[in-house]
Amino acid sequence: MTVTAILRQWEGHRRTFMLALPMILSNVTIPLLGLVDTAVIGHLSDAYYLGGVAVGAMIITFLFWILGFLRMATTGLVAQSFGAGDALGQLRVLFQAGVMALGLAALLLLLQAPILSTALTLVGGSSEVQHYAAVYFEVRIWSAPAALLNLVLLGYLLGRQNPRAAMWLLLCTNGVNIALDLLFVVGFGWGVAGAAGASVIADYGALLLALALVWHSLPDELRQRAILAQLSLQGSGRLLALNRDIFIRTLCLQLCMAFVTAQGARLGDAVVAANSVLMNFTLLMAYALDGFAYAAEAEVGRSSGARDRDGIRRAVVLGGFWSALTALAFTLVFAGAGEGIIAMLTSIDSVRSTAAEYLPWVVIYPLLAFTCFLFDGVYIGAARGAAMRNSMLCSALGFFALWWLVRDALPGNHALWLAFCGFITLRSLSLSGHFLWSWRRGQWG
């Protein structure tokens, strides 16, 4: 290998890390917030407090995550305009996505009562769990306008390959949320409502910071009133089409994750609380791997806009290498320290023992999952929502089919975790397989 080739590889690794590391550091604070929520609520007297927060947060997460296309589509389309050197096109995507976010937030607020009633009916669980789930939801839903706008603004920053600004946004948001969580729940004793209120305040504080970061990032020529007056919803068809495909993809994902929580609730308060603890393990891994997925989004989007096939290939190879190493590290940590982490998160003996029983599923999960996270980023950057949609539809069908087949053969919660691991494996195989097939047919770049 020549010196030039070595230097080129080193530069590729360095660029990948420059894009991924800020997002990894900031992303880890998101599940860290969930861990703090779990820890402060998990040390209350009964399991139903933790179960109620798990169910209430699941409903909110379901709503916000199925609207995660606001971030993903914005990132992909802004990245392509960035690669093509179209500054006004980037701003137009930001405006159109922002209008869509406000409209969807208004709809959530108007429909909050029937949404909560329907969700609790579907989830089930004890009366105590349902009560505290409602307490959490009725406070947290008021963060919808800020939370959805923050998705758009974050997508814009990532699409312009500005991960440092995105990092500071997430670090500040989740840092404030964690501090208020401890103050409201531990300090003031506000319990479940305090945990939800901390998130609402943090989301609106984040919105102010995000607006300032985006305004500061705009080129001087785009800050003029004459340019801003040209923004309209005309030509938003591509954004709507991409949003539709990613919405279907995310809806399927959230249905599967919600099913894990709902089925756990039917198996008892200790099981739903234990699953909540273990899901925080998977989220910690997912948000770390998302750093490399975000790097792939930015690089593939820029390369697609610039018609650079070699750039797409480098983004996939480098992202895959570091994603695999990161997944292996998480597997080793979960295997060696998993029970200790569980003990830190809850002092309830029944929850500890139940979570430890199902911990081996979480140990193997990173090795099954890292490929699908990487290719999610690749396909978002290329704005190819249809392939992501089709992969998720097939994987979700596989999840429910597998659970149905093994639900009587495996005891309790094991069938649920087997189906969930099968689901993530199907996602990895279908996305990577489609990429290799379409790459060989010359459909990239």
Side-chain angles (χ1 to χ4, degrees), residues 28-65 105 108-109 112-113 115-117 119-120 123 125-148 150 169-209 261 265 269-270 272-277 279-280 283-284 287 341-348 351-352:
V28 167
T29 65
I30 300 174
L32 180 60
L33 171 62
L35 292 173
V36 172
D37 268 343
T38 301
V40 297
I41 300 297
H43 284 83
L44 296 180
S45 58
D46 294 287
Y48 55 71
Y49 290 109
L50 185 55
V53 170
V55 172
M58 179 272 292
I59 299 170
I60 290 292
T61 300
F62 180 86
L63 294 174
F64 290 175
W65 276 25
L108 289 180
L109 293 176
Q112 60 178 287
I115 288 173
L116 176 61
S117 176
L120 292 180
V123 171
S126 68
S127 59
E128 291 88 355
V129 166
Q130 291 216 352
H131 169 73
Y132 285 105
V135 169
Y136 186 93
F137 176 90
E138 288 168 355
V139 175
R140 184 73 191 280
I141 191 64
W142 289 98
S143 67
L148 299 188
N150 285 338
L169 174 61
L170 291 176
L171 284 175
C172 291
T173 304
N174 294 307
V176 168
N177 203 335
I178 289 170
L180 291 177
D181 213 7
L182 294 170
L183 176 64
F184 291 171
V185 179
V186 179
F188 295 163
W190 291 351
V192 172
S199 296
V200 174
I201 294 173
D203 280 338
Y204 281 98
L207 176 59
L208 296 177
L209 177 59
T261 300
D269 289 355
V272 70
N275 282 351
S276 172
V277 171
M279 278 298 183
N280 278 312
L283 287 175
L284 183 66
Y287 282 116
I341 298 172
I342 291 170
M344 291 172 57
L345 295 178
T346 179
S347 58
I348 302 170
V351 177
R352 284 184 176 183

Please test Phe184 against Ile201 for side chain to side chain contact (heavy atoms under 4.5 Å, CB included), starting from the C-alpha separation and ending with a verdict. CA-CA 12 Å; Phe184 291 171; Ile201 294 173; 3.9 Å; yes
Test side chain to side chain contact (heavy atoms under 4.5 Å, CB included) applied to Ile115 and Phe137, step by step: CA-CA 10 Å; Ile115 288 173; Phe137 176 90; 4.2 Å; yes
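With rounding to the nearest 0.5 Å, the separation of CG in Asp181 from OG in Ser199 is 6.5 Å. Here the CG atom belonging to Leu109 is positioned 6.0 Å from the CD1 atom belonging to Ile141, to the nearest 0.5 angstrom. Here the CD1 atom belonging to Ile178 is positioned 13.5 Å from the CG atom belonging to Leu183, to the nearest 0.5 angstrom.
In terms of heavy-atom proximity, Ala119 sits nearest to Ile59 at CB-CD1, 3.6 Å. Minimum heavy-atom separation, Val192 to Tyr136: CG1-CB, 3.7 Å. Closest approach of Gly194 to Val185, counting heavy atoms only: C-CG2, 4.1 Å. Closest of all the heavy-atom pairs between Ala134 and Leu116 is CB-CD2, 4.0 Å. When all heavy atoms of Tyr204 and Ser143 are compared, the pair lying nearest together is CE1-CA, 3.8 Å. The minimum heavy-atom distance linking Leu120 with Gln130 is given by the pair O-NE2, 2.9 Å.
Without hydrogens or angle criteria, Asn177 side chain to Thr173 main chain gives no donor-acceptor distance under 3.5 Å. A donor-acceptor pair under 3.5 Å is absent between the side-chain atoms of Arg140 and the main chain of Ala196, judged by distance alone. Judged by distance alone, with hydrogens and angles left aside, the side-chain atoms of Asn150 form a donor-acceptor pair with the main-chain N or O of Asp203 at under 3.5 Å.
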